[in-house]
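In what follows, every chain begins at residue 1, and chains take the letters A, B, ... in the order their sequences are listed.
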Amino acid sequence: NAGVTQTPKFRVLKTGQSMTLLCAQDMNHEYMYWYRQDPGMGLRLIHYSVGEGTTAKGEVPDGYNVSRLKKQNFLLGLESAAPSQTSVYFCASSRSGTQETQYFGPGTRLLVL
Amino acid sequence: GENVEQHPSTLSVQEGDSAVIKCTYSDSASNYFPWYKQELGKGPQLIIDIRSNVGEKKDQRIAVTLNKTAKHFSLHITETQPEDSAVYFCAASKGGSYIPTFGRGTSLIVHP
């Protein structure tokens, strides 16, 4: 099993450009999450999904959109990138949301110029 | 909502020493407390967890203790090794919540 994979690994964007980050998991997990990690800020939840076709806002959702059209995939979109969105983005999944281990992907490093 | 405070933000020890990282939480309903280790350039990975019906849990050189009354829990690493160098995150969640609340992380540096 590959676990949780993320593409791309690294991307440079110019302000105003758009992009989509892809997360895929092969563990048949119901719950999926997108976090951003910034120095000194820990992991902050952007959006999450409790099942195929569902999405919900996390702590810092502004400027991002998500979609969960297939159970194994969770997409994070930036419609108009801003320098404040420079960060490392982690996707995670869990079998269920309550008291379950989260399995994290390797991360996507995004630089917005 | 839940608030998790984690201390220290940086911890430097000599190889073979013990390391202790402490977290406090605010919501008395929280009942699941995982610890994640993040190595450089990788995603966090669960290393140990504890539920509120248990006061202590051990796994080889690592242990976690929980004090429900004081609402704090700690990670203990004994006989530290250079490969223990990483960022450690604590988290807290409760039944019915899909979202764990993470601490801000502790950077552990083990000097050979």
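- Proximity to chain B is limited to the side chain of Tyr35(A), based on heavy atoms less than 4.5 angstrom apart.
- Neither the backbone nor the side chain of Phe33(B) comes within less than 4.5 Å of any heavy atom in chain A.
- Contacts of His72(B) classified as ring pair (Phe, Tyr, Trp, His ring centres under 6.0 Å), with partners at least two apart in sequence or in another chain: none.
- Using a 4.5 Å cut-off between heavy atoms, Gln6(B) does not touch chain A at all.
- Contacts of Gln37(A) with chain B are made by side-chain atoms alone, with heavy-atom separations under 4.5 Å and no backbone atom involved.
- The CG atom of Leu78(A) lies 10.0 Å from the CZ atom of Arg11(A); values are rounded to the nearest 0.5 Å.
- For His47(A) and Tyr64(A), the ring centers are positioned 6.0 Å apart or more.
- Counted by atom type alone, Asp17(B) and Thr80(B) present zero donor-acceptor pairs between their side chains at under 3.5 Å.
- Sorted by first and then second residue, the salt bridge (Lys or Arg N to Asp or Glu O under 4.0 Å) pairs involving residues 64-74 of chain B (not counting sequence neighbours) form an empty list.
- Proximity to chain A (any heavy atom under 4.5 Å) is shown, for Pro34(B), by neither the backbone nor the side chain.
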